[in-house]
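A short worksheet on the structure shown next.
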2 protein chains.
Amino acid sequence: MYLRALTSLADDGTTTCSSEELAASAGVNSAKLRKDLSYLGSYGTRGVGYDVEYLRYQIAREIGVTQDWPVVIVGIGNLGHALANYSGFRSRGFRVVALLDADRDRTGETVAGLDVRAFEDLESIVADNDVSIGVIATPAVAAQSVADRMVAAGITSILNFAPTVLSVPDGVDVRKVDLSIELQILAYHEQRKSVSSEVVS
Amino acid sequence: MYLRALTSLADDGTTTCSSEELAASAGVNSAKLRKDLSYLGSYGTRGVGYDVEYLRYQIAREIGVTQDWPVVIVGIGNLGHALANYSGFRSRGFRVVALLDADRDRTGETVAGLDVRAFEDLESIVADNDVSIGVIATPAVAAQSVADRMVAAGITSILNFAPTVLSVPDGVDVRKVDLSIELQILAYHEQRKSVSSEVVS
DNA sequence: GACGTTTTGTTCTCCCGTTCACAAACTCCT
DNA sequence: AGGAGTTTGTGAACGGGAGAACAAAACGTC
């Protein structure tokens with residue numbers, strides 16, 4: 001988040017900023033921001049603030065986005081399509097090296113300039129490109145078996161869009177994104193707004 | 001999450017379950033699950049467990065997914081496309097009533113069975129369908145103005161996929177989803193794995 | 001009908017993240 | 001050069017969520 005805010009500031013031509021400004025554009029408390037940054041080192045100047053470009057580089061280096069991360073996406077449905085085309089990945093140092101789908105009818109299609117390949121090619125692709133991050137955009141029923149296969153192929157980080165809890169061995173990181181849960185949270189608050197206004201009226 | 005786990009159990013034909021089982025399939029601690037459920041009421045039976053169907057209904061009622069929530073999606077790029085087609089919304093009680101895009105060339109296209117309409121129609125669509133939830137899938141630069149317009153039209157909950165912090169008045173809820181931040185978190189852990197193994201070797 | 005077993009609901013404790021508040025450090029102005 | 005004004009970095013206080021542990025309640029068995 002800080003990295004994004006800093007990039008945005010740099011694009012606006014800002015060369016230096018205070019913790020207060022940066023915190024505001026990242027949407028957090030300024031004390032929290034300063035404490036977070038202090039874990040990386042002491043990159044600010046008291047009385048002045050932070051140098052945007054310098055701090056940006058330091059954060060990028062720390063979280064590892066200065067290097068290029070090869071990524072494979074499995075499941076080229078609507079979501080997989082969108083992910084393959086998502087420019088945010090490219091600009092943050094992620095390179096989609098392959099799109100895989102179990103559906104034989106899909107292999108050979110071209111999406112976002114990449115050929116969709118057979119799921120069987122997973123192992124060789126991972127080995128050839130030294131891939132350590134995989135994205136699962138398959139239906140829920142397929143997710144666990146895809147994850148197992150990914151782990152066997154040597155992938156150690158998985159971003160899971162399927163609405164399932166994946167079980168993986170220790171040492172493998174999984175992060176789950178569930179788009180409809182976010183909507184459900186909003187709906188819950190909406191419901192509470194309406195019931196509390198009914199009580200008032 | 002619990003709702004999804006319960007639905008999954010119900011599909012498997014399970015009629016009753018313990019907090020231990022449900023916690024396992026939701027990926028949380030059983031004590032936490034029981035505490036969470038206790039906020040809703042006392043829907044379990046000691047010595048037996050929870051009735052899957054009954055608990056499912058109670059949770060659905062509490063979080064408001066028993067009713068139908070109309071939703072508008074603004075920005076029909078790759079992501080908007082995927083969201084419009086995403087079946088998970090429909091099955092969780094969300095109904096996409098309109099797709100809007102500022103690009104005049106896009107209006108008239110049909111996506112997921114809905115016509116893409118001009119952004120100018122926002123106010124009338126919101127009023128006619130009693131919409132309170134909006135989804136922003138536009139580029140970052142457009143997001144804030146779309147949000148302002150949504151709020152003015154009467155929308156009180158926004159799901160934001162654009163990589164920007166939105167500022168909205170009190171009483172309006174915003175949730176942000178940033179797909180590449182999740183990947184960055186994975187990349188960070190990957191980097192730490194590799195540096196720590198270098199130290200060992 | 002009483003007792004042991006199982007499982008929920010709840011209390012207590014611990015721990016971690018967040019925020020406040022202030023000293024240290026730097027700049028600018030006189 | 002010195003003091004006033006900023007702004008960082010960090011120690012201390014606060015709050016809340018997560019897990020352990022236990023009492024209460026239901027079921028089954030004899």
Side-chain angles (χ1 to χ4, degrees), chain A residues 1-3 5-6 9-10 14-59 61-63 165 170 173-176 178 181-182 184-185 188-189 192, chain B residues 1-3 5-6 9-10 14-59 61-63 165 170 173-176 178 181-182 184-185 188-189 192:
Chain A
M1 283 160 34
Y2 301 150
L3 191 57
L6 284 168
L9 285 174
T14 312
T15 61
T16 187
C17 72
S18 68
S19 64
E20 206 74 46
E21 294 171 73
L22 185 53
S25 58
V28 300
N29 182 289
S30 69
K32 172 166 159 49
L33 177 134
R34 288 199 300 277
K35 180 157 283 186
D36 286 346
L37 294 185
S38 75
Y39 287 113
L40 310 184
S42 188
Y43 297 132
T45 310
R46 301 181 183 202
V48 179
Y50 298 94
D51 181 282
V52 171
E53 205 49 54
Y54 181 58
L55 182 59
R56 190 154 79 106
Y57 172 73
Q58 293 299 338
I59 294 179
R61 185 182 52 77
E62 180 71 24
I63 68 178
V165 177
D170 284 353
D173 286 316
V174 175
R175 293 194 68 86
K176 189 155 65 73
D178 187 330
I181 276 190
E182 298 294 327
Q184 286 185 8
I185 293 169
Y188 171 70
H189 289 300
R192 301 210 39 159
Chain B
M1 284 159 34
Y2 300 151
L3 191 58
L6 284 167
L9 285 173
T14 313
T15 62
T16 188
C17 72
S18 69
S19 63
E20 205 75 46
E21 294 171 74
L22 185 53
S25 58
V28 299
N29 182 289
S30 68
K32 172 167 161 48
L33 178 134
R34 289 198 300 276
K35 185 175 286 183
D36 286 345
L37 294 185
S38 75
Y39 287 114
L40 311 183
S42 187
Y43 297 132
T45 309
R46 300 179 183 206
V48 179
Y50 299 94
D51 182 282
V52 172
E53 205 51 51
Y54 181 58
L55 182 60
R56 189 154 79 105
Y57 172 73
Q58 293 297 340
I59 294 179
R61 186 181 53 76
E62 180 72 24
I63 68 177
V165 176
D170 285 354
D173 286 315
V174 174
R175 293 194 68 85
K176 190 156 66 72
D178 187 329
I181 277 191
E182 298 293 326
Q184 286 186 9
I185 294 169
Y188 171 69
H189 289 300
R192 301 211 38 160

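The shown structure was predicted, so the numbers you read here are calculated from the model rather than taken from an experiment. What you see below is based on every heavy atom in this structure, not just the backbone, and it leaves out hydrogens, waters and symmetry mates.
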(Q) Do B/Tyr57 and B/Arg61 pair up side chain to side chain, a donor and an acceptor below 3.5 Å, judged on atom types alone? (A) no
(Q) Using a heavy-atom cut-off of 4.0 Å across all strands, would you classify B/Tyr39 as base, sugar-phosphate, or nothing? (A) nothing
Q.
Going by the rule salt bridge (charged side-chain N to carboxylate O under 4.0 Å, His left out), which residues pair with B/Arg46 if we only count those two or more places apart in sequence or in a different chain?
A. none
**Q.** Side chains of B/Ile59 and B/Leu37 in contact at under 4.5 Å (non-hydrogen atoms)
**A.** yes
Q) Under 4.0 Å between a side-chain N or O of A/Tyr50 and OP1 or OP2 of D/dG9? A) yes
Q: Indicate the atoms forming the closest heavy-atom contact of A/Ser30 with A/Glu20, along with that distance.
A: OG-OE1, 3.6 Å
Could you run down the sub-3.5 Å N/O contacts of the protein with nucleotides 20-24 of chain D?
residue : atom : partner : partner atom : Å
D/dA24  : N3   : B/Arg46 : NH1          : 2.8

Q. Whole-Å distance between D/dG19 P and B/Glu20 CD?
A. 12 Å
**Q.** Contacts of type salt bridge (charged side-chain N to carboxylate O under 4.0 Å, His left out), residue B/Arg56, not counting sequence neighbours
**A.** B/Glu53
Q.
Going by the rule ring-ring contact (aromatic ring centres under 6.0 Å, His included), which residues pair with B/Tyr54 if we only count those two or more places apart in sequence or in a different chain?
A. B/Tyr43
Q | Shortest non-hydrogen contact from A/Tyr39 toward A/Lys35 | A | CD1-O, 3.1 Å
Q | Among B/Leu3, B/Leu9, B/Leu22, B/Thr16, the one residue meeting side chain to side chain contact (heavy atoms under 4.5 Å, CB included) with B/Leu55 | A | B/Leu22
Q. Does some side-chain heavy atom of B/Arg175 sit less than 4.5 Å from a side-chain heavy atom of A/Ile185?
A. yes
Q: Return the 5'-most residue of the pair A/Lys32, A/Thr45 with respect to DNA chain C, ranking by each residue's nearest nucleotide.
A: A/Lys32
Q) Mind checking which nucleotides bracket the chain B contacts on DNA chain C, 5' to 3', with an atom under 4.0 Å from a heavy atom? A) C/dT6 to C/dC12
Check: protein-nucleotides 28-30 of chain D nitrogen or oxygen pairs below 3.5 Å:
none

Q. Are any of the side-chain heavy atoms of A/Leu6 and A/Val52 separated by less than 4.5 Å?
A. yes
